[in-house]
There are 2 protein chains.
Amino acid sequence: MNESDYDYPDWTESQGPIRPPVEVILPCDPTADDKLFHICIAAVSLVVMLILIVDRRQNPSHRKGVAGLLSPVNFLNQTQPKGVALAVFGILFCELSVVVLSPNPLPFVRDPAPESKGYWRILSLFYYPALYYPLLACATLRSQASCVMGSLLTWAHLGVLVWQKADCPKTPQIYKYYTLLASVPQIACLVFLSVHYPLLLLRGWRKSGAMETGDADEGLDSSYYKDYVKKILKKCPSKPGTAKPTLCQRVSNTVRAYVYTPEEVFRIPVLLAVSVAVSFIAIYQLALLLVSAVVPTLHIARAGVDQDIAFVLAGFNIHLSDDRAEVVKIVVYYIWCVEVCYLSAMTLSCLISLVMLMRSMVLHRSNLKALYRGDVNNVYSHQRSTRPARPALVCWMGFTSYQAALVCIGMVIQTIVFFICLLLAVFLLLIPILHGQNLILFRLLLGTWPYWLTLLLVLILPHVAARFAFVKKDAGTIDLDNRSALFLLTYLLFPVNVLVGALLGAWRVVVSALYNIVHLGRMDISLLNRGVEPFDPGYHCYVHYLRVEVSQSHPVLKAFCGMLLQSIRKDSRVGQKMPDFEEGIQLVGPEKRQTRAAAARKARARWLLLLTLLNNPSLVSCRKHLQRPIVDGGVQNGTLNHTAVNAPTADAGGKD
Amino acid sequence: MNESDYDYPDWTESQGPIRPPVEVILPCDPTADDKLFHICIAAVSLVVMLILIVDRRQNPSHRKGVAGLLSPVNFLNQTQPKGVALAVFGILFCELSVVVLSPNPLPFVRDPAPESKGYWRILSLFYYPALYYPLLACATLRSQASCVMGSLLTWAHLGVLVWQKADCPKTPQIYKYYTLLASVPQIACLVFLSVHYPLLLLRGWRKSGAMETGDADEGLDSSYYKDYVKKILKKCPSKPGTAKPTLCQRVSNTVRAYVYTPEEVFRIPVLLAVSVAVSFIAIYQLALLLVSAVVPTLHIARAGVDQDIAFVLAGFNIHLSDDRAEVVKIVVYYIWCVEVCYLSAMTLSCLISLVMLMRSMVLHRSNLKALYRGDVNNVYSHQRSTRPARPALVCWMGFTSYQAALVCIGMVIQTIVFFICLLLAVFLLLIPILHGQNLILFRLLLGTWPYWLTLLLVLILPHVAARFAFVKKDAGTIDLDNRSALFLLTYLLFPVNVLVGALLGAWRVVVSALYNIVHLGRMDISLLNRGVEPFDPGYHCYVHYLRVEVSQSHPVLKAFCGMLLQSIRKDSRVGQKMPDFEEGIQLVGPEKRQTRAAAARKARARWLLLLTLLNNPSLVSCRKHLQRPIVDGGVQNGTLNHTAVNAPTADAGGKD
């Protein structure tokens, strides 16, 4: 590396007597005033919601009643399109970062008093979800009116946001382009929504009948569930497991473990998809914040270095050079090094977070698949119930947010640690080697070379001795040889091995700290030891999340319920083409209709039940008669009714 | 707490104008000069070894030849007494701490040049094991001559050490009584040896025949192995596992998991016992060093505080009080607080290390027992081979040292972390509360109470909602209710939950850091996640250690071999009362004698083999014919010979 490598845009400027004028960014008020816009859009959103409610009331033929309006998205239905939910959650997360950092957390209140700012901030945490709620609700309803209103609302949001950013691209906050760059994901999400709603409307016009009652490929009638069951029941050709994988195979396996490729017959749950999308946006926002909070400051510091720095350093007894101009040059160079270290650390932590996110996705899928087929021991280290409970539900509700927060904390800690490590590496190793001075570390190593040589010898000696003297291969069995020499060497090396043990301990500290720092943002693995895994709060939450997800949206059970519904429909000859969702509830509830041809259906249901239980042995323990063998004689009368009641929530789609 | 609680011995002295004179400790040369002593004792030890070798040569009737002299102790024999080995390793570890800290690492060279000190230090790491080797060798041989020489050597060591310490109780090094206190474990070990050797001699005189050939309760003929097998084969009355343990039972179980109580029919391996003893001494030495390196300095600093400190503090813009005498009082009080924090942190880390050591012992035993009965999956998370290999042997050799080093590193890190935590707690919580000033933390909390209240509400709200609205218990099954409200709440709480997630992340960092710091000194658990356990170097080493230990000293296999030897002895009517250890080797080697009554023996051996394999299913895979089914027709001719060859080292005691 020669001197030209240190060139940097500001390099020559900082030394010259002429300084570039410092850019002063004045507070900017966009033409589309934020306060006014929020008053209008909040009112419009409220009106939209009222219109939708009235529309619902007047048309009782709608599949979902007014209650449907109050359910933003069915988080437990894997078959519905996830785009709108992802976009709205993404927008919300972007708004959250604005709320946390902005001096004006709630746009209605301009320049609040410092003591009341906290209250407005808390209020705004609830205001934004309410504000963006209609965007979600319009997509859920899928009437033509809701699609039109959704489009209009989205366009209003998008238009004003783009207008504001075009008006005021620079703000005095943190870094001049920070707010502009921070709103990029928000704009992207709004663009997606503003395209999605018209498309929905178009599709609705084409097949106007299907729109009112939902697509055929959603809910229990979706072909997804049947395909899933078909794939499970298909016997895979057993691979010859004895053959060792080649290097190429091993590499491809490793890559496949870290790259998430969608599978045809597996759809990840909505909340999981949302959490991944939000985590991705969180990584972007945090990286932007980390860069824009530090790098411009370093630039200013570098530009501000002048020859007075030599006196300041002399005050601290630091003598870099006799020539004051050279001192300036060295200090500027050092600041540049710090900046490079910081940016490298930040990039590294971003990359690690992204890789970990991908790896998490792969593990989420394999965990879910394993739990669906009842393979509990592969996922948890201890036997666990797979039923929903109160704490499990709370963890399920917060999963997305916790994941995003953990990714952020993980990234911050990673950046700090990597930054310190890189600084040490650069200032203790790289710069001394390049400039041939301040070789403190090397002088230290050189001064203690006998120790290191001894340690190396002590590390090698037992290996060599074991290879040639102590391990005997005799007729295919491995055994010990020269026992007395082995014991003698064990004894003689004891004191030196304590020093080797110190190295081992240091290595242990480094490995475990690094592992935990890298994996801090991942909830799907525990940072603790095998025996105490659930004490890790992140992993604990993830386990509970899986519990709710698996018990409430088990694809095999849903396929089973779908088939039951179909068979009932065929028998009763209702003639409707679309599924009657009320029937699903009746299937579960005690008021099950007495239909004809009950015997044949019972037989079919029994067969299906048997098949399901055979392929999902873990479900057996969830059946009621196995848990309360005396109270209700479940074995005698437990066929169709039993199956539906015991199957953990067989009708996720049928209730709302 | 009132003012009198702050009283401390030096409290009044430090304020008065009269200072106690600082005690000056001059370097002390003991009458028993260290250099002279080491020259003499090294020569004597050499002579002792030569005498023993000559004695061996002249009496070829000895059970072990000259080779036996070169094997200090059979680390793979669980039946021999472990006292001597523990004592010698303890002495060695004490010497190691002297070597590392003393300015005179090797006693032959007085005041070495600084540049050559490193070499002497390395040399001394090998000198001390050689110096104390005769103490171990004399106990291994158990002849009358060796016992006499062992006693004399031990008395010489002990006498000179006690004499030196009595001559020079105070040294200028670190703290005046440091060297005296540091030699306490060494003196204790020497006292044990100096009593043990005469006792051995006495016992030898009483039954002079038994002494020459070793005790009957050692080696393959020990009743221990047979008792172990008997206990395994005894069917335990199966406990009713369905009943939930009461609180009392649970507490007693927890206590039992942390307190090691010896069991009648289980003896821990020699190396494990040595590692525990050495770790215990390491905790003592390190605690002593930590106290004596810091506390006297703090005492001196406290005694040296005078009214000038007010000016020094004013230079740093710290204004404690207007009255200079009060400033002195406050500073002295603060230094006393720091001292108390440091001592508490040190005590805490000592206690934790001791508790962890006990817990390790319990786990070592349960792991070894599980591996003996082939229960590999309970010990490791992955299937592993139980055969010795090169790296396994290296880890086995260093296990004791690594354990001691890890305990030391763990204690140092624990002390530092606990000290910082206690300092923060005392100076940010306790002192502000007691004195009612500098309530920075409380003011910060008070200023942000709306946040904390919101977070609390957000934590409680979902729990309450889940309890009363979302979870429905219907006919014994738990199911979700009010799904749309659940989804709505999930959506609305998303931004606030991100803040809850930040708390969860902080808690995760604290929990995992604390867990890893507390368990850093334990090799029997991995600090990493379930999937990557072997990447923890400490645990990796432990797994390898267990592998060698289990494969080489499996009590069932030893019992089996002992029974085989007995049956051969009975058949061949050798008439010797004592076991012929050469026979053991012949049992293994290909030159097996053709004895009479082979058929009956074969049948008995087959039965024993079957029984062993039935109770240790993991051993089946270790049998030769299962691994090389084609090369040698092991099934046809593999009975007695096979069993012995395949059983991983059936005759640990028979070879040396």
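Any value given below was found using the heavy atoms of this structure, including those in side chains, with hydrogens, waters and symmetry copies removed. Numbered from 1 within each chain, the chains take letters A, B, ... in sequence-line order.
Between A:Arg530 and B:Tyr539, the closest heavy-atom pair is NH2-OH, 3.4 Å. Between B:Asp479 and A:Gln552 the shortest heavy-atom distance is OD1-OE1, 3.7 Å.
Neither the backbone nor the side chain of A:Leu503 comes within less than 4.5 Å of any heavy atom in chain B. Contacts of B:Ala506 with chain A are made by backbone atoms alone, with heavy-atom separations under 4.5 Å and no side-chain atom involved. Within the 4.5 angstrom heavy-atom criterion, atoms from both the backbone and the side chain of A:Leu488 approach chain B. Looking at B:Leu492, both its backbone and its side chain come within 4.5 Å of chain A, counting heavy atoms on both sides. Only the side chain of B:Ile409 comes within contact range of chain A, with at least one heavy atom under 4.5 Å from a heavy atom of that chain. Contact annotation for B:Tyr119: only side-chain heavy atoms (C-beta onward) come within less than 4.5 Å of a heavy atom of chain A. If you measure heavy-atom distances from A:Ala465 to chain B, you find no contacts under 4.5 Å at all. Looking at B:Leu461, neither its backbone nor its side chain comes within 4.5 Å of chain A, counting heavy atoms on both sides. Neither the backbone nor the side chain of B:Val274 comes within contact range of chain A, judged by heavy atoms closer than 4.5 Å. For B:Phe399, no part lies near chain A; criterion is any non-hydrogen pair under 4.5 Å. Using a 4.5 Å cut-off between heavy atoms, B:Ile517 makes no contact with chain A at all. Only the side chain of B:Val532 comes within contact range of chain A, with at least one heavy atom under 4.5 Å from a heavy atom of that chain. Both the backbone and the side chain of B:Ile525 come within contact range of chain A, each with at least one heavy atom under 4.5 Å from a heavy atom of that chain. Heavy atoms of B:Glu95 lying under 4.5 Å from chain A are absent altogether.
A:Tyr402 is not listed as a side-chain neighbour of B:Val498, based on a closest heavy-atom distance of 4.5 Å or more. Two residues are said to be in side-chain contact when any heavy atoms from C-beta on lie closer than 4.5 Å; B:Leu393 and A:Leu486 meet this criterion. Using a 4.5 Å heavy-atom threshold, the side chains of B:Leu499 and A:Leu125 count as touching. The side-chain heavy atoms of B:Asp536 and A:Ser512, taken from C-beta on, include no pair separated by under 4.5 Å. At a threshold of 4.5 Å between non-hydrogen side-chain atoms, the residues B:Leu480 and A:Leu76 count as touching. Taking the side chain as every heavy atom from C-beta outward, A:Arg121 and B:Tyr451 approach each other to under 4.5 Å.
Residues that satisfy the side-chain hydrogen bond (donor to acceptor under 3.5 Å, both in side chains) test with B:Asn529, not counting sequence neighbours, are absent from this structure. Taking the side chain to side chain contact (heavy atoms under 4.5 Å, CB included) definition, one finds that A:Leu92 meets it with A:Tyr128, A:Pro129, A:Tyr132, B:Tyr491, B:Phe494, B:Pro495, sequence neighbours left out.
Between B:Phe75 and A:Phe487, the ring planes are perpendicular. Angles over 60° get that label, and only those under 30° would be called parallel.
By number of non-hydrogen pairs under 4.5 angstrom with chain A, the leading residue of B:Ala282, B:Ser401, B:Gly501, B:Ala85 is B:Ser401.
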Exercise for the section: Under the side chain to side chain contact (heavy atoms under 4.5 Å, CB included) rule, what do B:His540 and A:Arg508 come out as? Steps first, then yes or no, please. Expected result: CA-CA 10 Å; B:His540 174 82; A:Arg508 189 179 205 197; over 6 Å; no

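The CG atom of B:Leu528 sits 11.0 Å away from the OG atom of A:Ser526 when rounded to the nearest 0.5 Å.
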